[in-house]
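A short write-up of the structure that comes next.
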Amino acid sequence: MERTRGRGRRRAGYRTRLTAALSAAVLAVSGLVAAATTAAAADSELAVNGGFEAGLTGWNCTAGSGAAVSSPVHGGVSALKATPAGGDNAKCSQTITVKPNSDYTLSGWVQGGYVYLGVSGTGTSDGYTWTPSASSWQKLSTAFRTGAATTSVTVYTHGWYGTPAYHADDISLFGPGGDPVQIPAVPTGLTAGSPGSTSVPLSWNPVPGATGYNVYRGGAKVTSASSPSATVTGLTPSTPYSFQVTAVNSAGESAKSTAVSATTTGGGDPGGGLPAHALVGYLHSSFANGSGYTRLADVPDSWDVINLAFGEPTSVTSGDIRFSLCPVAECPGVESVADFKAAIKAKQAAGKKVLISIGGQNGQVQLASTAARDAFVTSVSKIIDDYGLNGLDIDFEGHSLSLNTGDTDFRSPTSPVIVNLISAVKTLKAKYGKDFILTMAPETFFVQLGYQYYGSGPWGGQDPRAGSYLPVIHALRDDLSLLHVQHYNSGPIMGLDNQYHTMGGADFAIAMTDMLLTGFPVAGNQSRIFPPLRPEQVAIGLPASTQAAGGHTPPAEVNKALDCLTKKTNCGSYQTHGTYPGLRGLMTWSINWDRYNQQQFSRNFDAYTWS
């Protein structure tokens, strides 16, 4: 959240980042076209239906993006037409059996803008070639050598996000044919890690020749994995479960492994005793701005959760968080520390929750070292203890969170600022117990944008902060009381309908919230699905007035969003993937700005009929 209205400038910066990401990604791969090698005498054509004369037989295209067409064609009577849409780059692929330690040439004819031809799973250096523009048929070619244990590779074509359809024809993989692929062996060593209240981590031994794994719960498939580990989510606390796993490749699926049992923990209510539908607000306690200072004792009873803004670090990387009341010179009406603490106790006695919010626009926090992590735990604990608070709100913005190059899987992050934050919060949760309230207030750039972009991307060049809250949310989902993404100061964001949605109306709030409650593939990768949160873990974050932040949503539009999400009425053009009567409520920036605006936001919440 911001201290002044000036954060509106981020909107233009948001578009610039996405444009720069695309340009950098294109530049990063220039000059990588490899020269074809001369095929040996025993080599043969290995691609199946490379001319698409039999439609898409032998090919898999993402999200129904591909089709065989009769014009334009390079040879024969058919060619591939594939159309990128939203987070899908229209990838069409085929897995082909090859021999280890052998040379191959991949080639094909393409037409269109930003067309890629590549190969993965080589066991050496995967390769690709591309053209930024081919107004007529253009040949692409690259060569590669398989590794010592490689028995199959995947060849593919794809376009680029948001660009028109491309065409491909006469795809060829030339080289020595491999032995027939065998169905992989049954996985062994299936083990359950420490269960949470709603999740169980699993791991098993890798299976030679497997390209993926399926996980079963009680005999029903619940998830897939590309590596020999997975976390099953969406479980019920204090419940026993049985799990099995299979290995898969192009030849088929193995039999199920020996079962392993695990019982989820009791967990308790991570909501910490919140009402079924709660109103969350930020109170400017450590600074002043145009909204004026509001004493904690004067906060209306409408507010169920009061986030004290802000605790800030002594330096960006110190992890040492400090909180103090606004100076008298800046806030003439500020209460004494004793009166402030008394007001906290009074609010808690009335059933309200008071949290310390860490970060904000000016409070950049980077826990890049274990020393910073430990200082964070110690200093935040001191604030919570000194003021007798109910929990913690994470409002990391700006450059606090980012993903290092190569950190591509939100389920197993490796970037120190991510790993250390998760560890620190888990330590605090363990210290204060089940009633400790944990909330987060990320911007859409760090969460929903992850549907299209994650970190620096597969070729580098993207903003490394894109989607960077996702691993934090995922790792802490069993401890998370509320996630209230800021539906303001945001550029247009793509929803699950693959359409862009713009802040300021019901449509934006509906689409962004539905993503969290439905789950979504991160960066379009169907093997990396961000699992849905429970409705009671989600609130909609909105500005209290036009002065508070860009993207103010009028009360009538707020009510439309609530109607659609909780009752499936007044939905407009976007149709949700479910009905969520348990949606926890609303968050706003801020209590001060709501008071300045004659309490329009909180009065509307109080008057809304939830059922």
Side-chain angles (χ1 to χ4, degrees), residues 195-201 222-223 230-237 264-265 267-272 274-278 280 305 355 391-396 401 410-411 413 418 421-422 425-426 429 434 436-451 454 467-487 493 495-496 508-522 528-542 561-562 564-566 568 574 576-587:
S197 59
T198 62
S199 64
V200 173
V222 291
T223 190
T231 298
V232 180
T233 59
L235 306 178
T236 302
T264 51
T265 62
D269 176 19
L274 294 177
H277 301 295
V280 182
V305 180
L355 316 182
L392 170 67
D393 173 69
I394 301 293
D395 184 18
F396 284 17
L401 295 182
F410 74 93
R411 300 167 299 184
I418 304 289
L421 175 60
I422 293 169
V425 175
K426 282 186 174 293
K429 176 69 176 181
K434 64 182 182 63
F436 182 79
I437 295 178
L438 172 64
T439 67
M440 300 182 194
E443 297 167 287
T444 57
F445 188 88
F446 300 97
V447 183
Q448 285 94 341
L449 184 65
Y451 178 50
Y454 187 71
S468 58
Y469 250 93
L470 293 176
V472 179
I473 297 167
H474 184 64
L476 297 170
R477 62 174 56 238
D478 285 344
D479 301 315
L480 182 64
S481 306
L482 271 178
L483 177 71
H484 30 62
V485 176
Q486 302 176 30
H487 292 176
I493 299 289
L496 296 180
F508 189 74
I510 294 167
M512 295 301 99
T513 305
D514 187 54
M515 292 181 74
L516 300 177
L517 299 176
T518 303
F520 55 88
V522 176
R528 294 178 180 175
I529 303 293
F530 178 78
L533 295 170
R534 301 188 308 277
E536 62 269 23
Q537 290 180 292
V538 176
I540 303 171
L542 298 167
L562 293 176
C564 179
L565 290 163
T566 66
K568 202 77 166 180
Y574 184 93
T576 64
H577 292 75
T579 306
Y580 316 109
L583 183 74
R584 184 68 77 172
L586 300 179
M587 173 276 278

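Side-chain atoms of Q448 never come within 3.5 Å of backbone atoms of G495 as a donor-acceptor pair (strictly under, hydrogens ignored). The backbone N or O of L438 sits less than 3.5 Å from a side-chain atom of S481, completing a donor-acceptor pair. Panel note: side chain D514, backbone L565; no donor-acceptor pair is recorded below 3.5 Å.
Side-chain atoms of Q537 and L516, non-hydrogen and from C-beta on, never get closer than 4.5 Å to each other. Side-chain contact between P531 and R477 is present, with at least one heavy-atom pair separated by less than 4.5 Å. Between L449 and Y469, every side-chain heavy-atom pair lies at or beyond the 4.5 Å cut-off. Using a 4.5 Å cut-off on side-chain heavy atoms (C-beta onward), T439 and V280 make no contact. Side chains of L583 and V538 form a contact here, defined as non-hydrogen atoms less than 4.5 Å apart.
In this structure, CZ on F508 lies 5.5 Å from CD1 on I493, to the nearest 0.5 angstrom. Put simply, CD on E443 and NE2 on H487 are 12.0 Å apart, with the number rounded to the nearest 0.5 Å. Here the CD1-OG1 distance, from I529 to T223, works out to 8.0 Å after rounding to the nearest 0.5 Å. The distance from the CD1 atom of I473 to the CZ atom of F446 is 11.5 Å, given to the nearest 0.5 Å. L517 CG to T576 OG1: the interatomic distance, rounded to the nearest 0.5 Å, is 9.0 Å. Separating the CG atom in L274 from the CZ atom in R584 is a distance of 5.0 Å, to the nearest 0.5 Å.
Of the candidates V425, L421, L483, I394, L476 forms a side-chain contact (heavy atoms from CB on, under 4.5 Å) with just one, namely V425. With L480 as reference, M440 is the one residue of H474, R534, M440 to meet the side-chain contact (heavy atoms from CB on, under 4.5 Å) rule.
The nearest pair of heavy atoms linking G467 to Y454 is O-CE1, 3.4 Å. Here the shortest heavy-atom pairing between L586 and A539 reads N-CB, 4.0 Å. Of all the heavy atoms in I418 and P471, the pair that sits closest is CG2-CG, 3.8 Å. Scanning all heavy atoms of the two residues, the minimum distance from A561 to A509 falls at CB-CB, 3.9 Å. In terms of heavy atoms, I510 sits closest to C564 at CD1-CB, 3.6 Å. The minimum heavy-atom distance between A475 and I422, with the atom names listed, is CB-CD1, 3.6 Å.
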**OP:** Begin from the C-alpha positions of T566 and T579 and carry the test side-chain contact (heavy atoms from CB on, under 4.5 Å) through to its verdict.
**Re:** CA-CA 5 Å; T566 66; T579 306; 5.8 Å; no
**OP:** Would you sort out whether T264 and T236 count as a side-chain contact (heavy atoms from CB on, under 4.5 Å), showing the intermediate values?
**Re:** CA-CA 7 Å; T264 51; T236 302; 5.6 Å; no
Original post:
Passes side-chain contact (heavy atoms from CB on, under 4.5 Å), Y451 versus L470? Steps please.
Top reply: CA-CA 10 Å; Y451 178 50; L470 293 176; over 6 Å; no
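F530 pairs by the ring pair (Phe, Tyr, Trp, His ring centres under 6.0 Å) definition with F410, F520, not counting sequence neighbours. With sequence neighbours excluded, the residues satisfying salt bridge (Lys or Arg N to Asp or Glu O under 4.0 Å) with K426 are D479. Considering only residues two or more places apart in sequence or on other chains, H484 meets the ring pair (Phe, Tyr, Trp, His ring centres under 6.0 Å) condition with none of them.
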